[in-house]
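To start, the structure under review is shown below, and the notes come after it.
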Amino acid sequence: MRSTGFRRTLIALGTFSLALTACGGADGGSAGGKTRITVNCMPPKSAKVDRRFFEEDIASFEKQNPDIDVVAHDAFPCQDPKTFDAKLAGGQMENVFYTYFTDARHVVDINQAADLTPYIKELKSYSTLSKQLRDIYTVDGKIYGIPRTGYSMGLIYNRKLFEQAGLDPDKPPMTWEEVRADARRIAKLGGGTVGYADYSAQNQGGWHFTAELYSQGGDVVSADGEKATIDTPEARAVLRNLHDMRWVDDSMGSKQLLVINDAQQLMGSGKLGMYLAAPDNLPILVKEKGGNYKDLAIAPMPGGKGTLIGGDGYMFQKRDTPAQIRAGLKWLDHMFLTPGKGFLGDYVRAKKRNAPVGLPEPRLFTGAADAEDQRIKKANANVPVGNYQSFLNGNQKLRMKIEPPHAQQIYSVLDGAVSAVLTKRDADIDQLLREASGKIDTVLARG
């Protein structure tokens, strides 16, 4: 899932979700004596600031590398699951193409990914990237992709509503019991105020159920990926908590079957106390939904045991030539993987053009590279970074877990369980989990 909708696409500069083309593939790799590469996920013209940044960075890359010609494509979204496999199989995918973390093994399994292992030493930044994220694109000891961004789920909350409800906005809830108690107090403010909102439609309910299960220390599937592991006390605790907040406390409002836009609208309008999301939601709440940065904060995932992580990266088409792979790696270094520079990291440029600087994620680097990236970010911050310190501190103690295999199919199954407890007072939680477990087993058995 992406934090701003179904599958994750990070917003790093401005409020735009990066975009993907639906056309263009490998073409032999040479044009006028240059190595030519096609790339995707260029912002569309409607996202003026991001588009300008992307074009500026390609132009500077080509100036520094006159032997490389970069052809960028745009469309929306960055990846269309309905056409993704067909484009790969038909040789229509770009030379360097955008993927979600959950795509990595699948692309390798269908034999459509170039093996980058022989060339990886040419990616100067590779050793500076988080090993946990690098490993997502490593299959059977071989490297097939490069992470570009990463995110982790947390609890976005409204500081103003916390104060109005007599709560300390500098001490957000750290357990689900505290979330429930705080949501009750916020809901009692009245006037249509909702204490806590959660999704329960369009696969998003299953996505959040998974994140909440991780926070309880549970898992959706077994370590070998062959069996469902949701008929458990941890999963019952997730559904019981949602049921009781909805029906016993009346802290989730009467309108249910929400999706992410519903929660964002409520939060941006000042009518919602808390919802689960990642930091990239914050610019959307301000730029698109009427919120104010000073009123918005993010805390770590309640529960203290784990959180869901996701993100994206780039893989290379199997048909790419060695020259195209080398050129693509250089392009990734320039565009995304140099601390304090490029499309995602040029904080000086972003600040000058009034794009948000100082959000706690993405945090891609480690060691000295991370220190340099954070130094430049802090020096150019134009958002209240203190509102995010709880999130940064708390994340250090959480187990970071990627989405399960066959995530979208599993989320579709889990949607039913989540929507049932939020729309039916007498929902049978044990039965819901037994039925969902059987359906997930069927999904996993199909492979």
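When a residue number appears, it is its place in the shown sequence, counting from 1. Side-chain atoms are counted along with the backbone in the values below, which use heavy atoms only and exclude waters and symmetry mates.
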Pair D57 + K341, salt bridge at N-O below 4.0 Å: no

L359 and L282: CA distance, side-chain angles, deciding distance, side chain to side chain contact (heavy atoms under 4.5 Å, CB included) verdict: CA-CA 8 Å; L359 299 178; L282 296 169; 3.9 Å; yes

Pair R105 + E403: basic N to acidic O under 4.0 Å: no

Residue pair L272 / A263: nearest heavy atoms and the distance that separates them: CD2-O, 3.6 Å

Verdict with supporting geometry, F84 and M93, side chain to side chain contact (heavy atoms under 4.5 Å, CB included): CA-CA 8 Å; F84 184 68; M93 191 64 79; 3.5 Å; yes

Heavy-atom pair with the smallest gap, counting every atom of I298 and F391: O-CB, 3.3 Å

Any side-chain donor near an acceptor of the partner, H334 and S60, under 3.5 Å: yes

Trace of the side-chain hydrogen bond (donor to acceptor under 3.5 Å, both in side chains) decision for D312 with Q79: CA-CA 11 Å; D312 57 49; Q79 183 200 109; over 6 Å; no

Spacing of CD1 belonging to I58 relative to CE belonging to M42, to within rounding of 0.5 Å: 6.5 Å

Interatomic distance, T307 atom OG1 to K397 atom NZ [nearest 0.5 angstrom]: 14.5 Å

Parallel, tilted or perpendicular, as decided by the 30° and 60° cut-offs, for the rings of F101 and Y137: perpendicular

Note: D74-R51 ion pair, threshold 4.0 Å (strictly below): yes

Short side-chain donor-acceptor distance under 3.5 Å, D415 and Q204: no

Salt bridge present between R159 and D170 (N-O < 4.0 angstrom): yes

Donor-acceptor under 3.5 Å (E62 side chain, V70 main chain): yes

From CG (L266) to OH (Y196), nearest 0.5 Å: 13.5 Å

Side-chain donor-acceptor contact under 3.5 Å, D333 with S125: yes

Distance-only side-chain donor-acceptor flag, N95 / T38, under 3.5 Å: yes

Short N-O contact, E435 and K439, less than 4.0 angstrom: no

R353 CZ: over 12 foreign heavy atoms closer than 6.0 Å: yes

Check against salt bridge (charged side-chain N to carboxylate O under 4.0 Å, His left out), K401 and D219: CA-CA 9 Å; K401 288 180 59 61; D219 286 298; 2.6 Å; yes

Shortest non-hydrogen contact between N40 and Y98, atoms and distance: OD1-N, 2.9 Å

Short side-chain donor-acceptor distance under 3.5 Å, K289 and N261: yes

Sidechain-backbone polar pair: D224 side chain, E226 backbone, donor-acceptor under 3.5 Å: yes

Side-chain H-bond candidate by donor/acceptor type, Y144 with T117, under 3.5 Å: no

Between N387 and Y293: side-chain donor-acceptor atoms closer than 3.5 Å: no

Passing option when F336 is tested against W331, F61, F365 for ring-ring contact (aromatic ring centres under 6.0 Å, His included): W331

Evaluation steps, side chain to side chain contact (heavy atoms under 4.5 Å, CB included), between L296 and Y157: CA-CA 6 Å; L296 299 169; Y157 65 98; over 6 Å; no

Carboxylate-amine/guanidinium contact E55 R52, below 4.0 Å: no

Test log, rule side chain to side chain contact (heavy atoms under 4.5 Å, CB included), inputs M267 and I156: CA-CA 9 Å; M267 182 63 76; I156 290 182; 4.1 Å; yes

Distance in Å, D320 CG paired with D115 CG, rounded so as to fall on 0.5 Å steps: 12.5 Å

Backbone N/O of M315 and side chain of T99: donor-acceptor pair under 3.5 Å: no

Any donor-acceptor N or O pair under 3.5 Å, side chains D262, Y199: no

Check: S152/E361 side-chain N/O donor and acceptor closer than 3.5 Å: yes

M174 backbone acceptor or donor facing E178 side chain under 3.5 Å: yes

Cationic tip of R148 above Y314 ring, under 6.0 Å, 45° of axis: no

E234/K305 ion pair, N-O < 4.0 Å: no

Within-4.5 Å side-chain heavy-atom neighbours: I146 and L123: yes

G141 backbone acceptor or donor facing T138 side chain under 3.5 Å: no

Residues which pass ring-ring contact (aromatic ring centres under 6.0 Å, His included) with H106, listed by chain and number, not counting sequence neighbours: none

Approximate separation, where rounding is to 0.5 Å, of E94 CD and L88 CG: 9.5 Å

N-O pairing of D80 and K87 below 4.0 Å: no

D231 side chain to L433 backbone, donor-acceptor under 3.5 Å: no

With S200 via side-chain hydrogen bond (donor to acceptor under 3.5 Å, both in side chains) - residues at least two apart: none

Donor-acceptor pair, side chain of Y100 and main chain of G313, under 3.5 angstrom: no

Donor-acceptor pair, side chain of S215 and main chain of E212, under 3.5 angstrom: yes

Contacts of S412 that satisfy side chain to side chain contact (heavy atoms under 4.5 Å, CB included) - sequence neighbours left out: N203

Nearest atoms (heavy-atom pairs only) where T366 meets S127: OG1-O, 4.4 Å

Backbone N/O of G340 and side chain of D373: donor-acceptor pair under 3.5 Å: yes

Separation of I309 CD1 from N395 CG (nearest 0.5 Å): 10.0 Å

Quiz item: cation-pi between R349 and F53, 6.0 Å / 45°: yes

T232 backbone acceptor or donor facing R236 side chain under 3.5 Å: yes

Between D198 and H208: side-chain donor-acceptor atoms closer than 3.5 Å: yes

Any side-chain heavy-atom pair of Q216 and W176 under 4.5 Å: yes

